[in-house]
Amino acid sequence: MGRLQAMRLALVLGLAFALGLASAATAPDGSHIGYMWPVGLVSGALIITPRRMVPYVAALVPLLAFATFLIAAYPVGVAAGYGTTIAVEALVARQVLTAGRSRWHLLETNDFGRYLLACALAALTGAIGFGITSAATGFGVAWEVAVATFVTHLASEMMLLALFRAPIGPQVGYGNTERILAWSATIGVTVLAFTTTQVPSLVFLVIPPLGWVAFRAPMREALYQLVTVGIISSTLSNEGVGPFSDPYLMRLNPEFQHMPQQAFLLSCAMVTIPFSMAVAMQRRSADQAMRERARSERLVQSARGIAIIGTDELGRINLFSPAAESILGYTKEEVYGHSTRMFHTDAELARQARTLGVDPTYVSVVRAAGQLPPGTPIDWQFVRKDGIARTLSTILSPITDDLGRFAGYVATGDDITDRIEAQVALEKALATERRAVKRLTEVDQVKDAFISSVSHELRTPITNIVGYLELLLDGVYGEPTQAQAEPMTRIDQNSRRLLTLIDDLLTLSSLEHVDQRRRTGDVDLVEVISRAMEVVRPTLLRRVLVLDIDIPADPVVVVGDASELERLVINLATNAVKFTPDGGRIVVRLTPPGSDHGPVIEVEDTGIGIPAEDSAQLFSRFYRSDDAHTSAVPGSGLGLSIAKAIADLHGGDISAHSVYGEGSTFRVVLPRTSRQPVAVS
Ligand code: ADP
């Protein structure tokens, strides 16, 4: 427990002790209880005691109370009974107020209900305890003591306990002048009402000043005034002054003489406490509403890029955010009070009506849009002040007032004009590209058809030329002279190269545009490689190269076209021979299918290799490396394209791995059970 807390507690208990003494000392003759003012203070002391200290304070209270009663000359037994009762009563009050929560407050309507219950149960506990004490000690008449105790203690608890939790908060507009006036009024009126004994009913005059402070002042101040009224009225009544010292009352049982005055104080408490609570509650919710409003206002003002437009229940604009101003080009002064209809053309209205399936009137379109599931955006075309149309992705939400009545709409709009324009442009560009691709494909097909038909047309005359040259060179038309034979040999060589090129072109064309049923069946790759190597072998005649053929003894069967596969091997092996200088080594290898691959054909050489930057286009038509050109290695640049087309048709995969200057390996992996080559037409 902090020092301040301990001091506060000591102060409250000390005050209770002093007031208890005063109360007991001034008890009317023949009464067996005092006015018991301080019992509410004792409950309050336990309320402000931290939970873990409660047992100690609760043990201290009976001792203090016992001492008080002894000093006031009560019999020992009575002092002990009353003292214990007061401690139990305070514990009951504390328990009811704090049950199920760490701290109790007088903030909400429910809090007051609990407060009443706590005071009533505490007073009842007091009544029972005092009654039992009275019966046990023969100190007064037990039931009379009990009834008198209940009323006195209830008044005390009600007036004092609230002080320990009443909000202190400043009250707007309640200044010192008003404070002085209010206090003067309360004190003045109370004194007046209690000194004019002849007119008892004047005590009701105390209610208006108490109502005034409850309405205007902080709650705690209203409670202080209530206590002040209690002190003045009790003191004066004790002094035999005021309406509650009426001679008629004085003839009553002394135990009950003070009860009308206690009832009066209870009434004052029952007016002041709930009234000032209601005022505080109302003020809090007004504050909260104001804070909420300020927050929304800040949100509206700070939302950049999103237009926020609000209307009242008649559709007149009453909110137009800065973003709305910049997107639509109007200032809020220009649009306030107008309908949002001003932003839309008739055509746009008709379009929205069609989309939403309602009459083309503005009211029905807005209503339908407002009834869409919350958060559903609709694209609305807005016309700016300068006449330019903008498209806003808009969410329209109906708003209601505190009573749940329809109070207008708020629309948030995101300007998506640029996005839509970009999208349209993108779609256009895509369409253009698609058209271009289609056109290029057509051109490509025409070109292929052209190449193929030209090749066909050229093949016959060139074959003819080669044939006649052979006859000429063989001397069928007379032995050529040395001078004639040389150019004729050149013509023959070049014609044959031309013929090879034409054959390659025709082969590629037939592979790419397969239009006849293909011969397929089981093919033994061992045989394929052997036959291909027979074709290649003559090119090795004048060369110094080591050729290794590494093939398994058993057949390796795939489904496919034997002559095409043979061609594939020939092309790869011929390249290896062409691009490997003398002294090199060539390996042609066939690996049977394994657990993770189908049959693999590899052609490996120790030749010139392929520059890394060229590997991407290696299998493109007519690609030849610079080395091939400069070293005048003959070739058309079609061999690898043909090899790839054949591998593709067999569902296989061809790849090249090469280190420039060191050699190359071409690798063809065929499917394990080579699929039926598909005839593409
Ligand atoms: P061609 O051999 O008729 O020139 P290809 O399509 O068979 O046409 O080969 C294309 C090019 O790829 C060759 O010109 C050559 O530059 C390169 N090339 C192919 N095979 C090899 C190889 N084994 N070693 C080095 N370069 C090769």
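In listed order, ligands and their atoms are each counted from 1.
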Inset, instruction - Describe, in one word, how the ring planes of Phe320 and Phe343 are oriented to each other, choosing from parallel (under 30°), tilted (30 to 60°) and perpendicular (over 60°). - result: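 Ring orientation of Phe320 relative to Phe343: parallel.
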Inset, instruction - Among Asn575, Ile608, Leu545, find the one that has a side chain to side chain contact (heavy atoms under 4.5 Å, CB included) with Thr580. - result: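 Per the side chain to side chain contact (heavy atoms under 4.5 Å, CB included) rule, the option paired with Thr580 is Leu545, out of Asn575, Ile608, Leu545.
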Inset, instruction - Report the residue from Thr345, Asp415, Ile327, Thr394 that forms a side chain to side chain contact (heavy atoms under 4.5 Å, CB included) with Phe382. - result: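 The option that passes is Thr394.
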Inset, instruction - Look at the side chain of Glu486 and the backbone N and O of Ala483, then say whether any donor-acceptor pair between them is shorter than 3.5 Å. - result: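 Here the side-chain-to-backbone pair does not exist.
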Are there any protein N or O atoms under 3.5 Å from the N or O atoms of ligand 1? List them with distances, or say none.
{"residue": "ligand 1", "atom": "2 (O)", "partner": "Asn575", "partner atom": "OD1", "Å": "2.8"}
{"residue": "ligand 1", "atom": "2 (O)", "partner": "Lys578", "partner atom": "NZ", "Å": "2.9"}
{"residue": "ligand 1", "atom": "3 (O)", "partner": "Ser636", "partner atom": "N", "Å": "3.0"}
{"residue": "ligand 1", "atom": "3 (O)", "partner": "Gly637", "partner atom": "N", "Å": "3.1"}
{"residue": "ligand 1", "atom": "4 (O)", "partner": "Arg624", "partner atom": "NE", "Å": "2.6"}
{"residue": "ligand 1", "atom": "4 (O)", "partner": "Arg624", "partner atom": "NH2", "Å": "3.2"}
{"residue": "ligand 1", "atom": "6 (O)", "partner": "Gly639", "partner atom": "N", "Å": "3.2"}
{"residue": "ligand 1", "atom": "6 (O)", "partner": "Leu640", "partner atom": "N", "Å": "2.8"}
{"residue": "ligand 1", "atom": "7 (O)", "partner": "Asn575", "partner atom": "OD1", "Å": "3.2"}
{"residue": "ligand 1", "atom": "7 (O)", "partner": "Asn575", "partner atom": "ND2", "Å": "2.7"}
{"residue": "ligand 1", "atom": "7 (O)", "partner": "Leu640", "partner atom": "N", "Å": "3.3"}
{"residue": "ligand 1", "atom": "8 (O)", "partner": "Gly637", "partner atom": "N", "Å": "3.3"}
{"residue": "ligand 1", "atom": "16 (O)", "partner": "Ser625", "partner atom": "N", "Å": "2.9"}
{"residue": "ligand 1", "atom": "16 (O)", "partner": "Ser625", "partner atom": "OG", "Å": "2.7"}
{"residue": "ligand 1", "atom": "20 (N)", "partner": "Asn575", "partner atom": "ND2", "Å": "3.4"}
{"residue": "ligand 1", "atom": "23 (N)", "partner": "Asp605", "partner atom": "OD2", "Å": "2.9"}
{"residue": "ligand 1", "atom": "24 (N)", "partner": "Ser664", "partner atom": "OG", "Å": "3.4"}

Inset, instruction - Enter the distance from Ser636:OG to Leu498:CG here, rounded to the nearest 0.5 Å. - result: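 If I round to the nearest 0.5 Å, the distance is 11.5 Å.
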Inset, instruction - State whether the number of non-hydrogen atoms from other residues, nucleotides or ligands found under 6.0 Å of Gln617 atom CD is greater than 12. - result: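 Count over threshold, so yes.
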